[in-house]
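For clarity, every value in this text was computed on a predicted model and none was experimentally measured.
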Amino acid sequence: MKRMRNKFLQNTKRTAGYLLLSGLLAVQALAQVPEGIKKITSVEGITEYQMDNGLKVLLFPDPSKPTITVNVTYLVGSRHEGYGETGMAHLLEHMVFKGTPNHPNITQELTEHGARPNGTTSYDRTNYFETFSATDENLNWALDMEADRMVNSYIAKKDLESEFSVVRNEFESGENSPFRVLWQRVSSTAFEWHNYGKSTIGNRSDIENVPIENLQAFYKKYYQPDNAVLTVAGKIDEAKTLVLIQKYFGKLAKPTRVLPVSYTVEPIQDGERFVNVRRVGDVQMVACAYHIMPGSHADYPAMDVLVEVLTAEPNGKLYKNLVDTKKASSQYGFTFSLHDPGYVYFGAEVLKEKSLDEARAAMIATLDSAAKVKPSAEDVERAKTTILKNWDLQFRSSERIGLGISEFIAAGDWRLSFLFRDAVRKVTADDVFRVAQYYFKPSNRTTGTFVPEANPDRTETPSAPNIAELVKDYKGEALMAEGEAFDPSPANIESRTTKVEKPNTIELALLPKKTRGNVVAARLTLRMGDQKSLMNKGTIASLTASMLDKGTKTKSRQQIKDEFDRLKARVSFFGGSNQAGASIETTGENLPEVLKLVAEVMKEPVFDANEFEKLKQEQLAQIESQRSEPQAIAITEYRRLTSPYPKGDVRYVATFDEEIAEIKAATLDQVKAFYKDFYGASDASVAVVGDFEKEEIQKIIEEKFSSWKSPKPFKRIESPYVAVKAENKSFETPDKANAMFVAGLNMPLKDSDPEYPALIMANYMLGGGFLNSRLATRIRQKEGLSYGVGSQFSASSLDKNGSFLGYAIYAPQNVEKLEAAFKEEIERVLKDGFTAEELKAARSGYLQSRQVSRAQDGALAGTLNNNLYLNRSMDWDADFEKKIEALTPETVKAAANKYLDYSKFTVIKAGDFEKARKEGPAKETPPASMGGSPKN
């Protein structure tokens with residue numbers, strides 16, 4: 001008790017000193033705000049500024065990670081599109097990656113700076129972001145690039161024409177998904193007039209025929225500083241960053257045009273609606289949607305809690321009434337925090353042999369009951385705990401804040417994120433019941449047939465409140481604890497990591513460091529069995545691992561979930577073939593209890609029969625849903641050909657039918673026997689990275705795991721190089737708009753071989769970069785044949801076994817063009833190699849991306865955990881990066897020629913090729929002044 005009191009006093013003193021220092025810095029920062037920028041408000045570490053040209057700026061300094069995230073949110077989405085313009089906001093998301101006069105090759109620049117970028121489009125907003133290593137040069141570049149493409153993007157006809165079939169490719173990819181198709185049909189039936197009923201990706205004819213002049217006008221109207229919010233989060237100096245923002249964005253003129261005001265209001269729904277979709281597929285689905293309030297409305301938090309109460313696993317009402325009763329294999333529900341009145345959506349997946357009518361009836365009865373029976377206070381508190389846990393973990397990361405806050409910006413103001421959290425805390429069972437009674441009415445539902453009523457009971461959704469009044473005086477809570485400025489170099493990581501390695505027991509790698517919000521990540525792995533003892537046990541091994549968190553001797557599945565939520569912990573258990581383990585994310589103060597609970601879950605599983613049957617149903621549904629999917633078919637067939645092991649071997653790749661048969665035949669007794677025979681920590685490792693007390697955590701891990709002996713010895717299952725016969729096969733997938741291409745080969749190579757670094761860079765330049773790789777530039781950017789195209793390369797650390805794999809999704813009509821282009825790019829690398837400029841830019845981006853990865857605590861914990869098994873230190877990484885630095889175009893070309901030979905490739909294609917042959921070749925380019933494109 002005395003030790004805890006002293007620690008509390010020390011923390012109090014540090015906090016007081018920190019607040020005093022923060023106050024002084026705030027005064028200094030206020031004096032350093034550049035001319036043309038005005039400070040508006042600060043909430044919990046985020047400060048808002050307003051520029052004279054209308055741009056809103058949010059700064060969130062976080063020294064705990066050596067990364068910076070720049071995010072620009074434009075207040076334009078599919079809600080703002082007019083007649084014939086569906087998909088235009090999303091199309092622009094692609095077009096602004098095409099460059100500006102000052103930044104003609106944005107994708108190349110993103111790769112050179114080692115950035116993790118993307119862009120996304122939603123109903124109310126479009127955003128672009130990049131996370132990169134925190135250097136002055138990178139920040140200058142990112143701000144310059146984002147300011148430039150805000151108003152100077154080409155939006156050129158030639159780029160639109162090259163993107164035409166790419167966007168169609170993405171559209172068709174969505175059309176392959178039963179979930180997305182049903183979702184779109186239900187929402188379009190629910191909304192007769194408002195654009196929330198239209199898919200963000202747009203209508204096919206609009207995508208194919210949009211005039212470039214219309215797209216340019218849309219861009220000039222909405223892509224302006226007065227319609228955007230710039231968020232910069234991470235390791236930044238706030239005063240210096242403001243100077244840079246003024247330098248690059250301050251020169252953008254304030255627009256003279258006046259943005260149109262959206263005024264379409266969806267009429268009150270006057271009766272239940274039903275939509276029925278009939279398409280090729282392997283599982284049945286049922287869904288229900290209800291109109292609800294805007295995300296800024298006072299009742300929205302209660303609606304979010306209601307959805308969690310209904311859908312949480314395993315205690316949610318829909319889960320109990322659909323999955324527990326085996327009427328459905330899975331269920332889900334989600335809502336959107338939208339600017340205008342939106343909707344909530346529920347769905348369930350039903351196996352073919354099950355009754356869809358029974359599932360639909362059970363879903364409707366459950367949703368109707370929510371408006372008749374008040375939920376228990378316990379269920380409401382449990383739901384609130386889950387929602388608040390997820391909010392809390394997101395807002396402990398500067399990277400996640402920078403991106404997640406876009407949704408609240410789109411709903412009306414970034415501070416809505418904190419008001420939402422505060423409101424969730426106050427939600428009661430009465431609030432949840434009142435919201436359910438008001439919105440969950442048959443007349444407000446889209447799912448079934450029309451039912452006439454003499455006195456219809458309708459729902460009128462409220463409009464958004466005065467958001468300026470709602471947030472103007474909001475101050476938020478005290479700032480979270482800040483982390484240290486951590487150096488993610490291999491040398492620093494190695495010097496700060498404590499390793500405990502003893503034979504026949506669990507090994508440890510512990511890296512304490514101060515993090516924002518005291519976050520900590522851990523990775524635990526158990527290794528078990530050998531090739532002989534695991535024969536014919538692959539499916540049982542997987543099922544055993546999946547059953548671990550379904551209940552212990554003292555806690556039910558729900559109680560385990562409740563405890564992890566209470567401890568603000570995200571814990572996932574994994575396993576299969578010859579290993580099992582857990583990934584952990586929580587806070588330092590909760591880590592001891594979390595580790596004890598993880599130990600209980602792994603050491604004392606109860607293996608409940610009912611949970612086992614539900615698990616089997618879920619896995620069967622997952623497999624069934626993949627049967628007719630081109631991507632799943634192509635990848636499975638490729639793996640079967642390139643991994644030719646006998647059936648029963650844990651390295652064997654099963655067919656869909658074999659997987660289904662094995663799961664159906666599996667028994668709970670087999671699972672219990674497998675656990676008894678194999679589970680233990682004699683060959684285990686754990687790595688912990690973040691804000692924790694090293695001695696305390698080491699003691700807990702050793703107490704809980706060191707004496708847990710494995711019943712059978714572990715021996716690594718070798719995976720040597722296997723030369724396979726080159727094959728080129730096609731598989732028909734009827735009624736699927738998209739096709740899948742996979743091509744690659746095995747290599748006799750370890751990651752310690754001298755050619756490994758050269759092949760890493762060859763792959764990075766060929767198909768691993770962000771849209772500017774050789775394959776992406778040729779197949780996506782230039783010819784518009786594929787939305788997703790790239791390549792992968794890996795090599796074992798223990799066996800002389802490597803692999804190269806290329807892939808692309810495409811329209812089946814383009815199969816010959818795609819394969820020819822892919823082959824030509826491989827052969828061009830072998831003939832011409834790469835230029836010195838290509839290698840220099842790629843090397844810079846690749847090495848920076850490795851540094852960004854080491855700055856992620858979860859990824860670093862995984863690396864340290866793996867190093868324990870490999871008996872490696874971070875010195876290996878440092879040496880590897882030196883080898884990357886020393887590469888020349890000649891060594892890269894030589895390595896590629898030694899290992900890549902297209903005549904030895906295994907090529908797999910899956911798609912509706914028969915239909916493509918009947919319909920003829922795909923449309924090459926749109927008519928004059930026409931085009932189309934997808935989202936990233």
Side-chain angles (χ1 to χ4, degrees), residues 490-513 520-530 534 541 545 548 571-586 588 591-592 594-603 678-718 751-752 796-799 854 856-879:
N492 185 56
I493 292 170
E494 184 64 26
S495 67
R496 292 187 54 172
T497 301
T498 299
K499 299 179 184 178
V500 181
E501 300 179 84
K502 301 175 183 177
N504 301 317
T505 188
I506 193 163
E507 299 179 334
L508 286 72
L510 306 175
L511 174 51
K513 67 186 184 80
V520 62
R523 178 86 172 190
L524 166 67
T525 305
L526 311 178
R527 299 172 184 87
M528 59 191 74
D530 57 26
L534 292 169
L548 292 176
V571 180
S572 60
F573 295 90
F574 61 86
S577 63
N578 66 336
Q579 65 172 236
S583 294
I584 301 168
E585 180 187 5
T586 185
L591 181 60
V594 171
L595 286 173
K596 292 174 184 177
L597 182 53
V598 167
E600 180 181 342
V601 168
M602 299 192 76
K603 295 171 67 176
F678 291 98
Y679 270 67
S682 297
D683 291 277
S685 57
V686 61
V688 187
V689 178
D691 209 332
F692 64 95
E693 297 291 338
K694 183 172 65 176
E695 291 76 14
E696 179 186 20
I697 295 307
Q698 179 178 343
K699 182 179 179 182
I700 290 173
I701 293 173
E702 290 179 344
E703 285 180 350
K704 294 297 180 180
F705 293 99
S706 62
S707 60
W708 187 27
K709 300 303 180 183
S710 303
K712 290 187 177 182
F714 164 72
K715 182 181 180 182
R716 184 178 70 85
I717 299 175
E718 297 180 357
D751 68 4
S752 55
S796 171
S797 300
L798 299 169
D799 297 308
R854 288 194 296 267
Q856 315 306 312
D857 293 345
L860 182 54
T863 298
L864 295 176
N865 182 53
N866 196 46
N867 281 351
L868 289 172
Y869 176 58
L870 298 175
N871 292 317
R872 278 183 179 172
S873 71
M874 295 301 295
D875 295 340
W876 190 94
D877 293 71
D879 182 62

Could you tell me whether the side chain of K603 and the main chain of K704 form a donor-acceptor pair under 3.5 Å? yes
Step through the shown structure and confirm whether more than 12 heavy atoms of other residues, nucleotides or ligands are within 6.0 Å of NZ on K715. no
One should read off an interatomic distance between F692 CZ and L510 CG, to the nearest 0.5 angstrom, of 5.0 Å
Nearest 0.5 Å, please: how far is CD1 in I701 from CG in L508? 4.5 Å
Check against side-chain contact (heavy atoms from CB on, under 4.5 Å), I493 and D877: CA-CA 11 Å; I493 292 170; D877 293 71; over 6 Å; no
NZ (K709) with more than 12 external heavy atoms under 6.0 Å: yes
Minimum-distance pair of heavy atoms, taken over all atoms of A522 and V688: CB-CG2, 4.1 Å
For residues V520 and V689, report the shortest heavy-atom separation together with the two atoms involved. CG2-O, 3.3 Å
Could you go through the side-chain contact (heavy atoms from CB on, under 4.5 Å) check for F678 and L534 one step at a time? CA-CA 9 Å; F678 291 98; L534 292 169; 3.7 Å; yes
Report the C-alpha distance between L798 and R716 in whole Å, list the side-chain angles of each, state the deciding distance to 0.1 Å, and finish with yes or no for side-chain contact (heavy atoms from CB on, under 4.5 Å). CA-CA 10 Å; L798 299 169; R716 184 178 70 85; 3.2 Å; yes
Determine whether the side chains of T863 and R523 contain a donor N or O and an acceptor N or O closer than 3.5 Å. no
Donor-acceptor under 3.5 Å (T505 side chain, S706 main chain): yes
Checking the side chain of R496 only, and the main-chain atoms of P512 only, is there a donor and an acceptor separated by less than 3.5 Å? yes
Minimum heavy-atom separation for R854 to P490, with atom names? NH2-CD, 3.6 Å
Find the distance between OG (S873) and CG (D879) and round it off to the nearest 0.5 Å. 9.5 Å
Using a 3.5 Å distance criterion without hydrogens, assess whether the side chain of K712 forms a donor-acceptor pair with backbone atoms of D530. no
Could you pull out the closest heavy-atom pair between T498 and K694, with the gap in Å? OG1-NZ, 3.0 Å
Supply the atom-to-atom distance L524 CG to L595 CG, rounded to the nearest 0.5 angstrom. 8.5 Å
Closest non-hydrogen contact found for L864 with A687 is CB-CB, 3.8 Å
Evaluate the side-chain contact (heavy atoms from CB on, under 4.5 Å) criterion for residues V686 and F705: first the C-alpha distance (whole Å), next the side-chain angles of each, then the deciding distance (0.1 Å), finally the verdict. CA-CA 10 Å; V686 61; F705 293 99; over 6 Å; no
K596 NZ to I700 CD1 distance, which is reported to the nearest 0.5 Å: 5.0 Å
Apply salt bridge (Lys or Arg N to Asp or Glu O under 4.0 Å) to E494 and R872, showing your working. CA-CA 10 Å; E494 184 64 26; R872 278 183 179 172; over 6 Å; no
Nearest 0.5 Å, please: how far is OG in S685 from CD in Q579? 9.0 Å
Of all heavy-atom pairs between A521 and A861, which one has the smallest distance, and what is that distance? O-CB, 4.1 Å
Check each of T586, L597, I584 against V571 using the side-chain contact (heavy atoms from CB on, under 4.5 Å) test, and report the only one that passes. I584
Taking S710 for its side chain and S682 for its backbone only, find out whether a donor-acceptor pair lies under 3.5 Å. yes
Does the side chain of Y869 come within less than 4.5 Å of T525's, by heavy atoms? no
